[in-house]
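The first residue in the sequence is number 1, and the count goes up from there.
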Amino acid sequence: FAPLLTAEAAGDTTAVLKIKKNGSVIQQTVAIAIDTSDDKEQVCVNTIAVLAKGDVITCTIDAQSTVVVNCWTGSQFFIFF
């Protein structure tokens, strides 16, 4: 999971990125600083998980303030078998 992040409004914020398996968090980052004066922030989150048929993997980006965090086109999610 490698999103490109920016803050939408003036001001700085932090964001926590999570990888979930069937709705439960299996990997979570520390709070990552997102600064509007910087270019897009690239964040890479890796994990190894045992998957079974029917498992659902989701990735979320949770802003830690009222400043909205955007995830840009070009962000990627890969699953290797």
Worksheet item: Mind checking what makes side-chain contact (heavy atoms from CB on, under 4.5 Å) contact with Ala31, not counting sequence neighbours?
Response: Thr14, Val16

Response to the item:
Here the side-chain hydrogen bond (donor to acceptor under 3.5 Å, both in side chains) pairs for residues 22-32, sequence neighbours left out, are Asn22-Asp55

Fill in: Residue pairs, two or more places apart or on separate chains, that pass salt bridge (charged side-chain N to carboxylate O under 4.0 Å, His left out) and touch residues 56-65
Lys18-Asp62

Worksheet item: Transitively linked via ILVMFWY side-chain contacts under 4.5 Å: Ile26 with Leu51?
Response: yes

Response to the item:
Residues passing the side-chain contact (heavy atoms from CB on, under 4.5 Å) test with Val50, sequence neighbours excluded, are none

